[in-house]
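To keep things clear, I will list the structure first and then write my remarks on it.
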Number of protein chains: 2
Amino acid sequence: MIIEETDVKKCDADCQNDNGICPCGQKCPLSTAMEIIGGKWKIQILCALQIDGPIRYNELKAKINGITNTMLSSALKKLEADGLVRRKQYNVMPVRVEYSTTEAVVNLVPILMQLGKWAKEVAP
Amino acid sequence: MIIEETDVKKCDADCQNDNGICPCGQKCPLSTAMEIIGGKWKIQILCALQIDGPIRYNELKAKINGITNTMLSSALKKLEADGLVRRKQYNVMPVRVEYSTTEAVVNLVPILMQLGKWAKEVAP
DNA sequence: CGGAATCCCGTATGATACTG
DNA sequence: CAGTATCATACGGGATTCCG
């Protein structure tokens with residue numbers, strides 16, 4: 001995203017495909033990022049996992065105020081599919097499942113902290 | 001957000017109020033940030049304004065593939081209310097309105113570029 | 001215990017028309 | 001030109017119940 005003058009003005013976030021997501025008419029990785037971490041619960045889930053993971057499903061649910069099974073379950077699936085969350089199942093009875101963050105989140109954390117800092121300045 | 005051990009584990013994004021948004025049970029500036037720049041069109045609008053602004057309403061609309069008046073108008077209002085977009089109206093006939101980004105966006109840009117770069121790595 | 005299935009609702013988004 | 005008004009729809013999100 002942002003500012004680069006060549007023959008055609010295009011943003012700097014390294015647009016790639018022409019699917020209309022970016023105003024430069026191309027696919028923007030930034031839009032991808034917003035899809036990956038967007039939504040009502042994903043940030044909170046990542047935060048909880050980063051602080052307390054590995055952690056079991058019901059413990060995680062208890063840590064996130066107000067989340068339902070539907071939302072937690074679907075968000076975890078998407079995060080796992082995007083490679084941000086790791087799911088480990090122990091086949092004992094009763095079943096034990098532990099969730100944790102992956103290496104991808106390590107690089108994400110400082111960026112999110114900058115975003116938070118930015119928000120504090122613009123919305124004090 | 002993320003990792004800090006005191007008496008109670010809390011994240012590092014400087015949580016403040018107890019409204020249940022953060023897993024640490026408090027209001028997180030990061031969540032605020034996601035509300036400000038989240039949604040289907042805001043990033044694209046900011047990007048277009050940053051590249052081509054100041055720019056008139058209909059020109060802006062033309063640059064953003066597929067956006068409707070309803071969405072562009074409401075998104076611009078929210079962005080203006082949050083201090084990211086400036087609206088300047090010239091009372092001539094026909095009316096001329098120009099939109100541009102504010103100083104707040106200047107600090108946001110490098111963060112968004114990092115996010116885009118991160119996304120390229122995790123979702124190549 | 002760790003979810004899945006089902007049903008339901010509100011809001012975000014969209015299409016179309018219209019106006020100061 | 002720069003939007004608003006109105007109506008329609010889709011999807012995110014939620015409550016409840018049930019299952020291996």
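Order of the sequence lines fixes the chain letters, A, B, ..., with proteins taken first and strands second; residue numbering starts at 1 for each chain. Computed from heavy atoms alone, side chains included, the values below leave out hydrogens, waters and symmetry copies.
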Exercise. Please report the C-alpha distance between A:Arg96 and A:Glu98 in whole Å, then the side-chain angles of each, then the deciding distance to 0.1 Å, and finally whether the salt bridge (charged side-chain N to carboxylate O under 4.0 Å, His left out) criterion is met.
Key: CA-CA 7 Å; A:Arg96 178 187 187 90; A:Glu98 283 183 356; 3.1 Å; yes
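- Comparing D:dG3, C:dA4, D:dA2 by their closest approach to the side chain of A:Lys77 singles out C:dA4.
- Considering only side-chain N and O atoms, B:Lys61 lies nowhere under 4.0 angstrom from the phosphate OP1 or OP2 of D:dC1.
- Atoms CD (A:Gln89) and P (C:dA4) sit 11 Å apart, rounded to a whole Å.
- Whole-Å rounding puts the B:Ile45 CD1 to D:dG3 C1' distance at 14 Å.
- The residues A:Lys61 and A:Glu59 are annotated as not salt-bridged, no charged nitrogen and carboxylate oxygen being separated by less than 4.0 angstrom.
- Of the candidate nucleotides C:dA15, C:dC1, D:dA2, C:dC1 has the atom lying nearest to any side-chain atom of A:Arg56.
- The hydrophobic cluster containing B:Val106 does not contain B:Ile55, counting ILVMFWY residues as joined when their side-chain heavy atoms lie under 4.5 angstrom apart, directly or transitively.
- To the nearest angstrom, P of C:dG20 lies 12 Å from CE of B:Met93.
- Distance from the side chain of B:Met71 is smallest to C:dG14 among C:dG14, D:dT4, C:dG3.
- Base engagement by B:Thr70 is indicated by at least one non-hydrogen atom pair under 4.0 Å involving a base atom.
- Look at CZ on B:Arg96: it is 13 Å from P on D:dG3, rounded to the nearest Å.
- B:Ile43 is listed as a side-chain neighbour of A:Met34, based on a closest heavy-atom distance under 4.5 Å.
- The CG atom of B:Leu79 sits 13 Å away from the P atom of D:dG3 (whole-angstrom rounding).
- The side chain of A:Tyr99 approaches C:dG3 more closely than any other nucleotide in the set D:dG3, C:dG3, C:dG14.
- Atom CD1 of B:Ile67 is separated from atom P of C:dT16 by 17 Å (rounded to the nearest Å).
- Between A:Arg87 and the phosphate of C:dG3, there is a side-chain N or O to OP1/OP2 separation shorter than 4.0 Å.
- In terms of position along DNA chain C, the nucleotide closest to B:Lys78 lies nearer the 5' end than the nucleotide closest to the other residue of the pair B:Lys78 and B:Val95.
- A donor and an acceptor atom never sit less than 3.5 Å apart when one is taken from the side chain of A:Ser73 and the other from the base of C:dA4.
- For the pair A:Asn69 CG and D:dG14 C1', the computed distance is 11 Å after rounding to whole Å.
- Atom CD in A:Glu35 sits about 14 Å away from atom C1' in D:dG12, given to the nearest Å.
- Residue A:Thr68 has its side chain nearest to D:dA15 when only C:dG3, D:dA15, D:dC1 are considered.
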